Every structure is written in structure tokens, then in C-alpha cells.
Asker: 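My questions all concern the structure below.
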There are 2 protein chains.
Amino acid sequence: MSPARARTSRGDIVAAARDMLEDGGLEAVSMAGVAVRVGVRPPSLYKHFRDRNELIGAVATDVALELGRTFEDAVARCGPSPADRVRALATAYRGMALARPRATALLFAAISPDATPSAESQAAAARPILAAADAIVGPAQALAAARVLTAFAHGFTSMEAAGAFRFGGDVEEAYLLGVAVLLAGLERATSGDEVSRP
Amino acid sequence: MSPARARTSRGDIVAAARDMLEDGGLEAVSMAGVAVRVGVRPPSLYKHFRDRNELIGAVATDVALELGRTFEDAVARCGPSPADRVRALATAYRGMALARPRATALLFAAISPDATPSAESQAAAARPILAAADAIVGPAQALAAARVLTAFAHGFTSMEAAGAFRFGGDVEEAYLLGVAVLLAGLERATSGDEVSRP
DNA sequence: ACCTGAACACCGTTCAAGT
DNA sequence: ACCTGAACACCGTTCAAGT
């Protein structure tokens, strides 16, 4: 009558799926493959996750939490000015996006509403960016400025990881140019000069 | 002895796959489903495309060509200044990304090297952006500036389509702020003032 | 030259049965 | 309470056989 002892756990399964994602892409994360990896049969996984999308969502949450910690570290080590902070966050994001491109891509992949990082994990990753944006443009524009910075960093690194920059040129220089241009524009947006609007 | 007459064509197959992509996402584009749609059995598709990835690549090429035409139209209708052109291109891109999010996402999806738009179609889509960037920052920085603008537009709209902007606020305003900030920063980058660099 | 049915190894998921 | 084998409807792809 002793109930079957758990032979795996949510954490084990997520870790296995994340490894397989980074090795072979999302399509390499099969329930059968994950089951082999954690030493169990495929149906058992459904005792821990409703379906594959929920498992992918748990992986995405794990990635978002790691990104949040990476951001905290970067802020702790960088120079004191708001611009220093933005540059440190941008560099940290690109570092993670290049080191673990498929995990990072999952943050904004939109495969399914279920395969999405949890709201809390997203907030944890967004917080350092919002704080830096606030320090530059003030509270009224902080959200918009954070979105602009995140969009640039995500867009640039996902294009870079996808091999979209094929016309030569220095890719890292273009990234740093983008960060510098955004900083210059954002600082100007809140100084006496008005940013030109359509 | 009369050889079997072709009952479908590459163009038909690509059109069917593109419709199915926009309706149900990439995973809804199955060889079986496409075959039904064009009135043929699945194995016949392999007379027209090496495999599914090559078919997806052909769809991506189709999307890139449409984006190039959309850009040409936008440039033809907009105001005369370089900044007008950049704003028109940015608005045109967002319009397409919101109207056909899954097709647009395919441009930078990086599923497989085969599932990628052809180099020519990518160049056709990039050309109007490069021209506008050249008009603002000059030839030496045109490539880097075009990459920055494209990265922002792609990053922002893909996050928007993925539902990543959940904290409220005016999303369109943030997009226009981003474009304005980039324009201000790029103009300043080539004027007397130096953009601050790390 | 293109189309077809049959077959292969896979996939996610369900379910009744075990402990 | 979790694990299992068997089964379901699907998937991409290959191949020999048709016309």
C-alpha cells in the first residue's frame, strides 16, 4: 500500500529541459527526451506539469529569474551614474543572450500564453531596468524609457543570435552605438530641449 | 506514359503555408495540413521542397519581399526629411508586425539556417532602412545606425506581439518615444557634439 | 515529372492498473 | 501520491510503384 515514492521533481525536470533547450533548441525538448534525462517514463511528467507548454513556461520563468540576478550583479559592480547603470545592464543582457541564446529567446518567444515566464519572474527581471530608467528620465517616463531600452537590447541580440547581421561591420560597435544613442536621446528628452516628435 | 501533371506549385504551397502560419502559428504548419490545403498528398510536397524547413524558409522569403514593398510604399508617401522617412519606416514596420505578427516574427526566428529568408529578400527589406540611415548619419555609420533602428523596431514589436508589455501605460507612445529618442541621438551623434561613449 | 499508398520512427497525451 | 505499459491520433520523411 506504500504510495510510489517521487523519483523526480519539478526542479529536476526544469533543469533537464533547460539543458536540452540550450543544446538543441525548443524542438529538441520532447517529453520523451526529458523523461529519459530524469529517469522516468513520459506519462509521469504529467504528474508535475499539465502539459509541455507549462513545462516550457517553467523553463522561461527560470531564465527570467536568472536574468534578474544577473542584472542585480551588474548593477552592484558598475559605476555610480545612471548612464553607467544602463550600460552595465545592456552589456549584461547581451552577455547572457550570446552565452545562452535559446534560453534568452524564450523570454519573448510567445509560443503560447502558458509557455511564458511568470509575472513575478518578469517583474524581477524588469525591476533593475525600471530603476535605471527612472534615474535618467524620472518617474513619469520611466516605464516608456525602460520599454525602449529593453526593446533595443532584446531586438539587437535576438537578431545577432539569429545571424541577421550578415553585411559585415562591427556588431559590438553597433550595439554600443545604439546604447549611447539611446542614452543621449533619453537625457535630451528630459532636459530643456524637446525631442522632436512627429 | 504521360507523366503526371503538376497539381500544385511552389507558389501555391507557400501561400497555403503562410495562411496557416498566420492562423495557427508555426506548429500549425504541418506537411499534412498544407497538403490537404493544396489538394495533394504529403509526399508530393517533397517534389517541391526538400523538407519542412525549406518550405518555412520560402515563406520567410515571401514575408521579407512583402516588407520590402511595404517600405517602398511608405517612403513614397512620406514627408521629405530623413527623419520623416525613418518615422514612416518605423510606423510601417509596426503596422505589419501587428497585422501579421507570426509572419513578421518569422523574419528573425532562427529556427534553422534553412528556415531563413533568402539573402536577396533580406537585402530588399533592408535597403530602404539603409538609405534613410545614410541620409541621417552618413555612409560611415549608416550600417550601424540601420542595425540600431531595425533592432529597436523588431524588438519592440515582437515584445508587443508577445504580450510582454503588461504593466499598463501607452504602448504606442513608448514606441514613438523610442523612434524620437533614436533620431535625436543619431542626429547628435554626427553633429559637433560627441555622443558619450563608455 | 509529378503523384500516390504504405511504411518508418517519432511525437504529445490519456488512462486504467500497479505500488 | 506518483509511476508504469499500452494505446490514441498525430508528425516528418522515405521509397517503391503508378501514370
Side-chain angles (χ1 to χ4, degrees), chain A residues 1-60 102 106 109-116, chain B residues 1-60 102 106 109-116:
Chain A
M1 297 294 168
S2 68
R5 266 272 277 156
R7 236 159 274 188
T8 186
S9 67
R10 273 183 76 98
D12 281 355
I13 297 168
V14 168
R18 230 193 110 157
D19 279 2
M20 296 170 69
L21 166 68
E22 208 50 79
D23 284 359
L26 206 50
E27 71 188 8
V29 184
S30 69
M31 299 303 265
V34 172
V36 168
R37 198 78 140 49
V38 301
V40 107
R41 305 288 172 177
S44 300
L45 299 177
Y46 293 82
K47 292 291 163 183
H48 301 272
F49 296 93
R50 182 161 28 85
D51 56 23
R52 181 175 178 271
N53 276 336
E54 207 200 59
L55 168 55
I56 302 295
V59 174
R102 303 203 240 231
L106 198 56
I111 300 142
S112 135
D114 296 330
T116 272
Chain B
M1 299 294 168
S2 67
R5 264 271 276 157
R7 236 160 275 188
T8 187
S9 67
R10 272 183 78 98
D12 281 355
I13 297 168
V14 168
R18 229 193 110 158
D19 279 1
M20 296 170 68
L21 166 68
E22 207 49 79
D23 283 359
L26 205 51
E27 72 189 5
V29 184
S30 69
M31 298 303 265
V34 172
V36 168
R37 198 76 139 50
V38 300
V40 106
R41 305 287 173 178
S44 299
L45 298 177
Y46 293 82
K47 292 292 163 182
H48 301 272
F49 297 93
R50 183 161 29 83
D51 56 22
R52 182 175 177 270
N53 276 336
E54 206 201 58
L55 168 55
I56 301 295
V59 173
R102 303 203 240 230
L106 198 57
I111 300 142
S112 136
D114 296 330
T116 272

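Keep in mind that this is a model prediction, so the values were computed, not measured. Note on naming: letters A, B, ... go to the chains in the order of the sequence lines (proteins, then strands), and numbering restarts at 1 for each one. Values reported hereafter were calculated over all heavy atoms of this structure, with side chains retained and with hydrogens, waters and symmetry mates removed.
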Asker: I need the A:Leu55 CG to A:Asp114 CG distance, nearest 0.5 Å.
Answerer: 11.5 Å
Asker: Considering just the side-chain nitrogens and oxygens of B:Arg7, establish if one lies under 4.0 Å of OP1 or OP2 belonging to C:dT4.
Answerer: yes
Asker: Please write out the pairs of protein N or O atoms and N or O atoms of nucleotides 13-18 of chain D separated by less than 3.5 Å, giving the distance to one decimal.
Answerer:
| unit_1 | atom_1 | unit_2 | atom_2 | d |
| --- | --- | --- | --- | --- |
| D:dT13 | OP2 | B:Tyr46 | OH | 2.9 |
| D:dT13 | OP2 | B:Arg52 | N | 2.9 |
| D:dT13 | O5' | B:Tyr46 | OH | 3.3 |

Asker: So do B:Leu106 and B:Ile111 actually touch side chain to side chain, heavy atoms under 4.5 Å?
Answerer: yes
Asker: Rounded to the Å, how far apart are B:Leu26 CG and D:dG12 P?
Answerer: 11 Å
Asker: Could you give the CZ-to-P distance, from A:Phe49 to D:dC2, as a whole number of Å?
Answerer: 13 Å
Asker: Nearest 0.5 Å please: distance from the CE atom of B:Met20 over to the CZ atom of B:Arg102.
Answerer: 12.0 Å
Asker: If you round to the nearest 0.5 Å, how far is CZ of A:Arg10 from CD of A:Glu54?
Answerer: 5.5 Å
Asker: May I have the distance from A:Arg41 (atom CZ) to C:dG12 (atom P), rounded to whole angstrom?
Answerer: 16 Å
Asker: Which pair of non-hydrogen atoms, one from B:Ala58 and one from B:Val14, has the smallest distance, and what is that distance?
Answerer: CB-CG2, 3.7 Å
Asker: Is B:His48 close enough to C:dC3 that one of its side-chain N or O atoms is under 4.0 Å from OP1 or OP2 there?
Answerer: yes
Asker: At their closest point, which heavy atom of B:Thr116 faces which heavy atom of B:Ser112, and how far apart are they?
Answerer: OG1-O, 3.6 Å
Asker: What is the nucleic acid contact for B:Val29, judged by heavy atoms within less than 4.0 Å: base, sugar-phosphate only, or nothing?
Answerer: sugar-phosphate
Asker: Please work out the stems of DNA chain D from pairs that are Watson-Crick or G-U wobble with both distances under 3.5 Å, keeping only runs of three or more consecutive pairs.
Answerer: C:4-8 with D:12-16, C:12-16 with D:4-8
Asker: Return the minimal non-hydrogen interatomic distance between A:Ala60 and A:Ala115, and the atom names on each side.
Answerer: CB-O, 4.3 Å
Asker: Kindly indicate whether the side chain of B:Arg52, heavy atoms from C-beta on, has any atom under 4.5 Å from the side chain of B:Val34.
Answerer: no
Asker: Counting only side-chain nitrogens and oxygens, does A:Ser44 get under 4.0 Å of the OP1 or OP2 atom of D:dC2?
Answerer: no
